[in-house]
Chemist: 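Quick one: this structure, given as structure tokens, is what I'll be asking you about.
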Number of protein chains: 2
Amino acid sequence: MPVTIRDVARAAGVSITTVSHAFNGYEDVGDETKKRVLQVAKDLNYRPSRVARSLVLQQTQSVGLLISDFNANPGSNHFLFDVLAGIHNRLAELGYDVTLLSTTTARQQLISYIDFCTERRLEGVIVMGMRMDDPYMQEVADASLVSVGIDLPILSRHCGYVMTDNVGGAKQGVKHLLSKNHRRIGFVNGHLHAVVSIDRLRGYEDALQDEGIAVDPELIVHSDFLVEGGEKATAALLERRPDVTAIFYASDLMALGGMRHLQKAGRRIPEDVAVVGYDNVDVGQWVVPALTTVGQKRYEMGTSAAEMLVGMLQRKEEPRACVLQAEMVIRQSS
Amino acid sequence: MPVTIRDVARAAGVSITTVSHAFNGYEDVGDETKKRVLQVAKDLNYRPSRVARSLVLQQTQSVGLLISDFNANPGSNHFLFDVLAGIHNRLAELGYDVTLLSTTTARQQLISYIDFCTERRLEGVIVMGMRMDDPYMQEVADASLVSVGIDLPILSRHCGYVMTDNVGGAKQGVKHLLSKNHRRIGFVNGHLHAVVSIDRLRGYEDALQDEGIAVDPELIVHSDFLVEGGEKATAALLERRPDVTAIFYASDLMALGGMRHLQKAGRRIPEDVAVVGYDNVDVGQWVVPALTTVGQKRYEMGTSAAEMLVGMLQRKEEPRACVLQAEMVIRQSS
DNA sequence: CTGTTAGCGCATTCAA
DNA sequence: TTGAATGCGCTAACAG
């Protein structure tokens, strides 16, 4: 029931070809005619149908945004939302629509996400919030669908990714502490079956070694990225090595837990023990003392992913690994 | 280049009608034929094109999700993301696709969001993150496009909304304090040109009056919803009325600021002063003492909006105001 | 039960 | 410079 190209043609007294040409920037339409057509179109409130256009052009100019399980990532919502904003804004600028997609609904509809994309003729997909051990992971890697992963280090012929340099990020965090003359720096890491934990450990070690400081295994303790875990880990660390003057945490949540314990234990922050976290969660700026941390450029991860995808789509660029630098946020806890 | 219905028909040795019927659950296809067709389709990896389907059916089965300015809502991202998850999941269950949309990109493309929706033949829109004074507001209200607002109390012939009962929410919060035998309860409200502030004030007053307690203007102070503001407001309140035994805040951030001040001032929470916030932000559960608060059912707001929209679309239901109950989250600060 | 035909709204040859 | 005709992949009358 919306007005079609035919309505406009009729009302303007021309053929549909002319209307089409007038709208699509062809040079072969008389100035007079063109003006009249455009005016009539406006009067009639005509809007060309993207679906008809997609059908004949055989391209939809739209991509999917696969957000794994929406609720499987408690605490990382702020992260996902910022990335989402970056993705959408850049993609919109580049002329692409984005359709939401989640594994939850795919699962319940018993159709693979590849099928979902095929049905809608989506030209590519950006995948985020997915863990490496997700069964859908394999599908993403194998599929011939052009895709870009966020924090998903998988590189294949049609599959690039964007992530943050965790080694470098951790290194920055520790170097910051070293620059404040700390020498006995504890490290509360996450569990080792997370890729980021391994990288952040590397960064911690690298930073120390760059300064000629030996890595002391007693200073390193593993936890689970969460508040309670960080609290317990800090207690354990302090018991084993009461002489630490600074602690680097692989997540802000653990750092918050750690600060809680330190304060209970009567240690002043940062005078007695300096604290640096990782993630740059919102809370960090509100606690006392405000948390120094190393964060990811979330919005920028989104725009980068968008640009990479469009590059692959339009200019047949090779998929690549885009590793963004982490950014140090220095506040009062260090 | 994807496989079409014709390819399947040819390969299965039937007409395209038969394939179409086999796929769309018609009863008039022989069991044998049907099985063969489906098998062939699977072998060929055939997926019916939604765009062709949309064109002929004159309906896209997809709706837009308008997220005002993505970055204009610092601090409310977790809120928007949860709502988004609810919207998407429910909409997917109901068979609708959701396309992202923001006023930022609309503005830069110089096209109204109505035009955007028309071009894509979107059947409806859900609007969120928009403030009442946004110029796009008018467009939403006027447009003949079926739409549902989140926290946007606008009701018109094709425009319903979902929001949380702020009067009731505040009432619950204060009643909770009353049940703990508090009688001198301070109220740190947000600025009065926000709708929610007015409602929450009503709730505060109602709760007191229900108990026969007179509202004491000295106990009410206004601030800006943020941490610093809450801190200052609390200081001012305590100075004026040092005898308060509890404070109700119109936002969690202000409550956090307030707790900071109370602790500095040597008041124990909740023994000397009990604290209740509003919003249920994530941080609340991690601070010490954990913050009692009244929150919105974010995910449910999303699912409700999705259901309302689909109801209006499929069953021509009248737009309505869906007001969800707030939910009390009782923790250690009260 | 199955096949033939027309047409959804548009872009694009090819003629005029 | 403009117009008539064809087809993108699919559904829906209608015929057989």
Side-chain angles (χ1 to χ4, degrees), chain A residues 1-38 40-41 44-62 95 97 115-123, chain B residues 1-38 40-41 44-62 95 97 115-123:
Chain A
M1 111 181 37
V3 15
T4 78
I5 196 172
R6 232 183 303 272
D7 300 325
V8 178
R10 195 158 24 226
V14 297
S15 76
I16 60 171
T17 312
T18 307
V19 179
S20 177
H21 282 199
F23 262 82
N24 297 345
Y26 278 61
E27 297 294 339
D28 60 358
V29 184
D31 273 359
E32 265 312 303
T33 340
K34 181 167 183 176
K35 223 157 79 181
R36 191 173 70 250
V37 168
L38 259 28
V40 169
L44 260 45
N45 243 309
Y46 167 69
R47 285 275 125 195
S49 157
R50 295 266 290 214
V51 347
R53 202 164 203 281
S54 297
L55 184 60
V56 60
L57 256 26
Q58 291 289 72
Q59 54 165 350
T60 54
Q61 290 277 90
S62 56
D97 282 0
D115 286 346
F116 184 98
C117 295
T118 311
E119 278 188 12
R120 287 152 184 81
R121 301 300 189 259
L122 299 179
E123 301 180 16
Chain B
M1 103 182 44
V3 179
T4 77
I5 195 172
R6 234 182 301 271
D7 299 324
V8 179
R10 194 157 26 225
V14 297
S15 77
I16 59 172
T17 311
T18 308
V19 178
S20 178
H21 282 199
F23 262 82
N24 296 344
Y26 279 59
E27 297 295 338
D28 60 359
V29 185
D31 273 358
E32 265 313 302
T33 342
K34 181 166 183 178
K35 225 157 77 181
R36 189 171 74 250
V37 168
L38 258 28
V40 169
L44 260 46
N45 241 309
Y46 167 71
R47 283 276 125 195
S49 157
R50 294 266 289 214
V51 346
R53 201 162 203 280
S54 296
L55 183 60
V56 60
L57 255 29
Q58 290 291 69
Q59 53 165 352
T60 54
Q61 289 276 91
S62 56
D97 282 0
D115 287 346
F116 184 99
C117 295
T118 311
E119 278 188 11
R120 287 151 185 81
R121 301 300 190 259
L122 298 180
E123 300 180 16

Chemist: Which of these nucleotides, dA12(D), dC10(C), dG3(C), is closest to any side-chain atom of S15(B)?
Modeler: dG3(C)
Chemist: Look at the side-chain N and O atoms of T4(A) and state whether any lies under 4.0 Å from the OP1 or OP2 oxygen of dG9(C).
Modeler: no
Chemist: Heavy atoms from C-beta onward define the side chain here; which of dG7(D), dC10(D), dG3(C) lies closest to that of V56(B)?
Modeler: dC10(D)
Chemist: Is the shortest side-chain heavy-atom distance between Y46(A) and V37(A) below 4.5 Å?
Modeler: no
Chemist: Using a strict heavy-atom distance below 4.0 Å, which residues from residues 16-25 of chain B are in contact with DNA chain D?
Modeler: I16(B), T17(B), S20(B), N24(B)
Chemist: In residues 16-25 of chain A, what donor-acceptor pairs under 3.5 Å come from side-chain atoms, sequence neighbours left out?
Modeler:
residue, atom, partner, partner atom, Å
T18(A), OG1, S15(A), OG, 3.3
H21(A), ND1, D28(A), OD1, 3.2

Chemist: Remember a base hit wins even if backbone is also touched, and classify S54(B) as base, sugar-phosphate or nothing at under 4.0 Å, heavy atoms.
Modeler: nothing
Chemist: So, is Y26(A) near the phosphate of dT12(C), with a side-chain N or O under 4.0 Å from OP1 or OP2?
Modeler: yes
Chemist: Any side-chain N or O of R121(A) under 4.0 Å from OP1/OP2 of dG9(D)?
Modeler: no
Chemist: Are any of R53(B)'s side-chain N or O atoms less than 4.0 Å away from OP1 or OP2 of dT11(D)?
Modeler: yes
Chemist: Side chain of R6(B) only, heavy atoms from C-beta on: which candidate in dG9(D), dT2(C), dC8(C) is closest?
Modeler: dG9(D)
Chemist: Would you indicate, yes or no, if dG9(D) has its OP1 or OP2 atom less than 4.0 angstrom from a side-chain nitrogen or oxygen of Q58(A)?
Modeler: yes
Chemist: Given 3.5 Å as the limit, does a donor-acceptor pair link the side chain of R121(A) with the main chain of T118(A), or not?
Modeler: yes
Chemist: Have a look at the helix from dC1(C)-dG16(D) to dA16(C)-dT1(D) and give the angle its two end axes make, five pairs each, rounded to 10 degrees.
Modeler: 40°
Chemist: At under 4.0 Å between heavy atoms, what does L57(B) touch on the DNA or RNA strands: base, sugar-phosphate, or nothing?
Modeler: sugar-phosphate
Chemist: Verify, without hydrogens or angle tests, whether E119(A) (side chain) and P48(B) (backbone) share a donor-acceptor contact under 3.5 angstrom.
Modeler: no
